[in-house]
2 protein chains.
Amino acid sequence: MARTAGSHSDITGPRIREAALRLFAKHGYAAVSMRRIASEVGVQAGALYNYIPDKQALLFSLLKGHMDELLEAWDETAPGGDPLARLEAFVRFHIRFTLRRPESIFISYMELRNLEPENFIQIEALRGRYEAVLEQILRDGQAAGNLSVPDTRIAAFALIGMLTGVNTWYREGGRLSEDEVAALYWDMARKAVGAG
Amino acid sequence: MARTAGSHSDITGPRIREAALRLFAKHGYAAVSMRRIASEVGVQAGALYNYIPDKQALLFSLLKGHMDELLEAWDETAPGGDPLARLEAFVRFHIRFTLRRPESIFISYMELRNLEPENFIQIEALRGRYEAVLEQILRDGQAAGNLSVPDTRIAAFALIGMLTGVNTWYREGGRLSEDEVAALYWDMARKAVGAG
DNA sequence: TGTTTATCTGAACGTGCGTTCAGATCAAGC
DNA sequence: GCTTGATCTGAACGCACGTTCAGATAAACA
């Protein structure tokens with residue numbers, strides 16, 4: 001793993017991010033040292049600073065990258081039409097994203113408190129945009145009479161909480177496939193918003 | 001705040017736990033130093049060690065205390081009879097507990113990864129017992145035909161995730177009262193398990 | 001082939017960490 | 001009022017932290 005001095009790397013940058021993501025998810029931002037990340041990459045700690053200004057920027061970059069990717073992926077997926085179909089698309093999209101990027105999802109909920117204020121504000125705004133997507137679907141469905149939600153805002157939080165919870169128990173190669181999980185959650189989500 | 005040497009304290013013990021709980025919830029276990037906790041209590045760091053063997057034991061004690069209290073409180077509440085009524089009781093109980101002890105709930109989800117293995121196993125076992133309570137209710141309801149849940153295990157996870165998510169957005173003195181929140185969540189939970 | 005330049009090493013910096021402990025302090029019991 | 005013993009201070013321990021930087025290295029380009 002050890003890298004010789006002067007050797008290059010178009011890959012060191014990405015590897016730093018991957019190692020940091022994995023370690024932050026496993027042990028938490030504050031519990032992971034720069035030396036540990038560096039050693040995972042096969043490099044001395046000082047070399048990290050060719051790629052990032054400091055540790056905080058590394059965390060922020062991971063969270064920002066994740067939220068951007070999440071919103072972008074939704075924009076590509078987002079169907080029009082029937083609110084109920086859009087809700088199903090959202091549920092399946094969120095489950096899939098959560099199962100495929102468990103570490104990103106994990107740290108973007110867990111490490112918010114380790115962001116410095118100005119960074120926190122940015123990530124929080126992106127999260128708000130994502131939640132607003134779901135809330136809009138619920139409002140449209142409510143207006144169209146497709147579903148019955150007493151409080152669309154709280155319902156959006158409740159659904160996202162329910163869906164995201166999947167990564168507290170899901171393990172790859174377990175008893176249920178991704179599609180089965182998605183089907184189960186869609187079944188509950190659909191009923192929960194009164195689209196029985 | 002400063003305490004004079006030699007002064008006593010039947011209250012220092014509890015105050016240490018309160019300060020640690022608050023600080024761990026706000027900044028995370030790894031990010032909070034013993035000196036910080038001590039200063040919050042108005043004492044030097046060394047004095048903490050009259051009450052706890054080490055930092056890890058402090059975290060464990062908080063989590064263990066919380067889980068014991070949770071299970072005990074449920075045992076006192078737990079109604080018999082109709083599975084649907086028991087489910088409602090569980091939902092309302094969980095919401096109330098989550099709203100009243102947000103910091104305990106928070107750290108007992110967030111700081112699991114900072115527990116040493118043997119401590120983790122214990123807390124995880126208690127959590128399992130709590131989840132089993134809900135799953136049993138769902139199974140009974142399913143058997144009695146009161147509700148329709150394709151997979152009781154996943155449904156239990158989904159419901160707990162949904163309910164616990166309340167403390168990501170709820171703030172005291174906000175737009176909704178505790179009872180209103182409980183009513184909204186009960187409405188969604190009930191429908192989600194097909195007891196429309 | 002020789003030079004340049006991005007990359008990395010290895011050592012160092014000041015700081016703060018968890019924990020220990022001898023000694024100071026003071027409430028309580030005689 | 002004296003003694004006892006629990007409680008706390010304040011200094012110290014070795015260690016790890018994030019970050020910096022001069023110098024070594026080797027790939028890329030002339």
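Residue numbers begin at 1 in each chain, while the letters A, B, ... track the order of the sequences.
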Nonpolar side-chain network containing B/I121, other nodes, edges under 4.5 Å: none
Atom-pair distance (CD1 on B/I16; P on D/dT7), nearest Å: 11 Å
Presence of B/S33 side-chain N/O under 4.0 Å of C/dC17 phosphate oxygens OP1/OP2: yes
Protein-nucleotide distance (B/N50, atom CG; C/dT25, atom C1'), rounded to Å: 13 Å
Between C1' of C/dG18 and CG of B/N114, the distance in whole Å: 15 Å
Distance below 4.0 Å between B/T12 side-chain N/O and D/dC8 OP1 or OP2: yes
Any A/Y51 side-chain nitrogen or oxygen under 4.0 Å from OP1 or OP2 of C/dC8: yes
side-chain hydrogen bond (donor to acceptor under 3.5 Å, both in side chains) against B/R129, all qualifying residues, sequence neighbours excluded: none
DNA chain D: 5'-proximal contact among A/P53 and A/A31 (nearest heavy atom): A/A31
Partners passing side-chain hydrogen bond (donor to acceptor under 3.5 Å, both in side chains) against B/S104 (at least two apart in sequence or in another chain): none
Gap between atoms OH and C1', on B/Y49 and C/dC21 respectively (whole Å): 13 Å
Integer-rounded Å distance: D/dT9 P and B/M34 CE: 14 Å
Distance in angstrom units between B/Q56 CD and C/dC17 P, rounded: 18 Å
Under the side-chain hydrogen bond (donor to acceptor under 3.5 Å, both in side chains) test, residues paired with A/R113 that sit two or more places apart: B/E111
Taking only N/O atoms, report every protein-nucleotides 10-14 of chain C pair under 3.5 Å with atom names and distance.
from, atom 1, to, atom 2, distance (Å)
C/dA12, N6, A/R35, NH2, 3.3

Pairing residues for B/Y29 by the side-chain hydrogen bond (donor to acceptor under 3.5 Å, both in side chains) criterion, not counting sequence neighbours: none
Sidechain N-carboxylate O distance under 4.0 Å for A/E178, A/R100: yes
Nearest-angstrom distance from the residue atom CG of B/D54 to C1' of C/dG18: 9 Å
